[in-house]
Novice: 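One structure, pasted below without further comment.
Here is the naming used below: chain letters follow the sequence lines, and residue numbers restart at 1 for every chain. Only this structure's heavy atoms are used, side chains among them; waters, hydrogens and symmetry mates stay out.
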Number of protein chains: 2
Amino acid sequence: MSFDGQLPPKMRLLRAAAELLANSGGAPVSTRQITQLAGVSAPTLYHHFGDKEGLFDAVVAAGFEEYVAGERDFAPSGHPLEDIRRMWDNHVQFGLNQPELYLVMFGNIRPESRPAIVADAEALMEEMLNKAAVAGQLNVQPREAARSILAANVGVTLMLIAEPAAERNLELSTMTRDAMIFAVSAEQANGAGPDTSGKSSVVVAAIALNAALQASHSDQLSSSELKLFLEWLHRISTSSTS
Amino acid sequence: MSFDGQLPPKMRLLRAAAELLANSGGAPVSTRQITQLAGVSAPTLYHHFGDKEGLFDAVVAAGFEEYVAGERDFAPSGHPLEDIRRMWDNHVQFGLNQPELYLVMFGNIRPESRPAIVADAEALMEEMLNKAAVAGQLNVQPREAARSILAANVGVTLMLIAEPAAERNLELSTMTRDAMIFAVSAEQANGAGPDTSGKSSVVVAAIALNAALQASHSDQLSSSELKLFLEWLHRISTSSTS
DNA sequence: TATCACCTATAGCACCGCTATATGAACTGC
DNA sequence: GCAGTTCATATAGCGGTGCTATAGGTGATA
């Protein structure tokens, strides 16, 4: 796979860099690799991008535009909070699809060099949260909510990237996502819960579970399972030691 | 500032690397800089650490121990959720105090090289969340809660590091922190019936019992009974609705 | 045709991570 | 006291890296 064809050298450099970055698996990518794959000599790179960093910035910018385009695509569902969920999921998916690019974009953010992308991403999410705010579904200022949600979104995505692909559990994403959206939305019922702090023994917990189970007709266990389960529970909750 | 003194070369290398890393401002640190500051020649570095990566890993490990020590210091306040808050704040503060080290630890996590540190950090938080679970204050499994909270914690810390120090707004941290803890805690609105928007009290009680059982080595059930019991308990506590 | 701005290539510099090899120091067994 | 062994450090250098001083080729304009 090479880019010797018809494209101008600048484009060939961009594509070569993007491809090598995507397939490097974390290993550093050298300018010689890039220029060779692009079929171009070293000074051409520096003429067009000034810098290796400049070339990478251009790749990141292109990737970010792709990301933004993906975010904007399924906007108008009429349920702003649902749109936020899709935005979150799209963010995570982008990170998992292009982990190297994502790590360059969000993993190495340093105060002096990076925050433009972060600001853009925040603006994108704030824009969507504004609709939720207009609909009276927001608990806090859209800007603060956007920053908070985006931060959690980035953290989750990085954690998932760090995991071996085989054992990635997307539940981490959905759980954190819903937690953040819930905390930010106006729909929380805020009643005071029972203060169970202090009591912490197996017995107390077993008794509580026993009582709760009897009242709730949970269907997670079959009736015969439930019978045995309750018997064991009884045995535990009548034990004298903790 | 040099380390020519009395310390063994291995220690001098560690300190020199840590100092250069801390003050590099994101610029790469070369082995020649390190060995020169340590007053040592190149092969010594490779004799002790095998690799530049190995040296950096050692620096990171030392930094992580410092971090863990900070986390463990103010554990036992009796209010587990309050301890989680302090843990979160301590994490953020560590990141802001040693941004370079933090970025090496959490910014560049790649599946093939890093997740040991993440696992340790998760275990640390899970350990604390277990206490909350035993006290009946948790809505979800401690492990899942720990992963979720840590992910958000990392994301927030990275975002704060990315901001110029002058305009860092710690409200982003406290807001996200409280949102995550709130979403994970049992105290949200379970006053009335079993179907209020949060999890039912059955789930909370089952999670509490699960955590308490794991910690207490109760001998009321045989090991095979206990295994099945825990399996059912897991089924109950992971049911999404009652 | 001559000019000029733009783009690209040859060759090479200073630096990088790393190592083959050798030297010194400290301990062990006789 | 001394050979043998092991560990720790140093000298010198290899191949690779980001980058550039300089020069050559190309097309549009005059």
Side-chain angles (χ1 to χ4, degrees), chain A residues 2-61 100-101 103-104 107-108 110 112-114, chain B residues 2-62 100-101 103-104 108 110 112-114:
Chain A
S2 84
F3 304 104
D4 305 328
Q6 310 74 342
L7 295 84
K10 185 170 180 178
M11 210 56 88
R12 274 185 279 159
L13 278 167
L14 264 179
R15 298 205 180 179
E19 175 176 328
L20 288 173
L21 206 56
N23 301 339
S24 69
V29 177
S30 72
T31 59
R32 280 172 171 83
Q33 288 176 268
I34 297 172
T35 54
Q36 177 178 346
L37 178 59
V40 152
S41 278
T44 303
L45 190 161
Y46 297 91
H47 173 72
H48 287 290
F49 299 99
D51 216 339
K52 182 189 188 183
E53 182 80 10
L55 172 56
F56 278 61
D57 283 353
V59 173
V60 165
E100 300 304 329
L101 190 58
L103 284 177
V104 173
N108 277 335
R110 293 239 165 60
E112 68 275 7
S113 67
R114 285 288 168 216
Chain B
S2 81
F3 301 104
D4 305 329
Q6 312 72 341
L7 294 82
K10 184 170 181 178
M11 211 55 90
R12 274 185 279 159
L13 278 167
L14 265 177
R15 296 206 182 178
E19 175 175 327
L20 288 173
L21 205 56
N23 301 340
S24 69
V29 177
S30 73
T31 58
R32 281 172 170 83
Q33 288 177 267
I34 297 172
T35 54
Q36 177 178 346
L37 178 59
V40 154
S41 278
T44 302
L45 190 161
Y46 297 91
H47 173 72
H48 287 290
F49 299 98
D51 216 341
K52 183 188 187 184
E53 183 81 11
L55 172 57
F56 278 62
D57 282 353
V59 173
V60 165
E100 300 303 330
L101 191 56
L103 284 177
V104 173
N108 277 336
R110 294 239 165 60
E112 68 275 8
S113 68
R114 285 288 167 215

Novice: The side chain of Ser41(B) lies closest to which of these nucleotides: dT8(C), dA9(C), dT11(D)?
Specialist: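 The answer is dT11(D).
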Novice: Please enumerate all residues that pass side chain to side chain contact (heavy atoms under 4.5 Å, CB included) together with Ser24(A), with sequence neighbours excluded.
Specialist: Val29(A), Glu100(A)
Novice: Using 0.5 Å steps for rounding, measure from the CG atom of Leu20(B) to the OG1 atom of Thr31(B).
Specialist: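 Atom-to-atom, Leu20(B):CG and Thr31(B):OG1 are 11.0 Å apart.
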Novice: Just to be sure I understand the rule, does Pro9(A) reach a base, reach only the sugar-phosphate, or reach nothing, if contact means heavy atoms closer than 4.0 Å?
Specialist: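 If one applies the 4.0 Å heavy-atom cut-off, Pro9(A) turns out to touch the sugar-phosphate alone, with no base involved.
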Novice: Quick one: is His47(A) getting a side-chain N or O under 4.0 Å of the dC7(C) phosphate, OP1 or OP2?
Specialist: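 The answer is yes; a side-chain N or O of His47(A) sits under 4.0 Å from OP1 or OP2.
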Novice: OG1 of Thr44(B) to CD1 of Ile34(B): how many Å apart, nearest 0.5 Å?
Specialist: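 Rounded to the nearest 0.5 Å, the OG1-CD1 separation comes out at 13.0 Å.
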Novice: Over its full length, what angle do the end axes of the helix from dT1(C)-dA30(D) to dC30(C)-dG1(D) make, each axis taken from five pairs and the result rounded to 10 degrees?
Specialist: 10°
Novice: Is there side-chain contact between Gln36(A) and Arg32(A), with at least one heavy-atom pair below 4.5 Å?
Specialist: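 Sidechains of Arg32(A) and Gln36(A): no contact.
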Novice: Would you list the protein and nucleotides 14-16 of chain C atom pairs, both N or O, that sit under 3.5 Å from each other?
Specialist:
from: dC16(C); atom 1: OP1; to: Ser30(B); atom 2: OG; distance (Å): 3.2

Novice: For Thr35(A), what residues pass the side chain to side chain contact (heavy atoms under 4.5 Å, CB included) criterion, not counting sequence neighbours?
Specialist: Leu13(A), Leu45(A)
Novice: Expressed in angstrom and rounded to an integer, what is the separation of Lys10(A) atom NZ from dT8(C) atom P?
Specialist: 11 Å
Novice: For dC7(D), take OP1 and OP2 only and decide whether either is under 4.0 Å from a side-chain N or O of His48(B).
Specialist: no
Novice: Taking only residues two or more places apart in sequence, or in another chain, which ones meet Ser30(A) in a side chain to side chain donor-acceptor pair (under 3.5 Å)?
Specialist: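 Result, side chain to side chain donor-acceptor pair (under 3.5 Å) vs Ser30(A): Gln33(A).
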Novice: Once side chain to side chain contact (heavy atoms under 4.5 Å, CB included) is applied, do any residues pair with Ala58(B), and if so which ones, sequence neighbours excluded?
Specialist: Leu14(B), Phe49(B)
Novice: With nearest nucleotide decided by heavy atoms, which residue, Asp51(B) or Val40(A), maps closer to the 5′ end of DNA chain C?
Specialist: Val40(A)
Novice: Considering only nitrogen or oxygen atoms on both sides, find all protein atoms under 3.5 Å from nucleotides 19-24 of chain C and state each distance.
Specialist:
none

Novice: Once you round it to whole Å, what is the distance between C1' of dA10(D) and CG of Leu45(B)?
Specialist: 14 Å
Novice: To the nearest angstrom, how far is Leu13(B) atom CG from dG17(C) atom P?
Specialist: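 Spelled out: CG on Leu13(B) to P on dG17(C) is 13 Å.
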Novice: What distance do Lys10(A) atom NZ and Arg15(A) atom CZ have between them, rounded to the nearest 0.5 Å?
Specialist: 14.0 Å
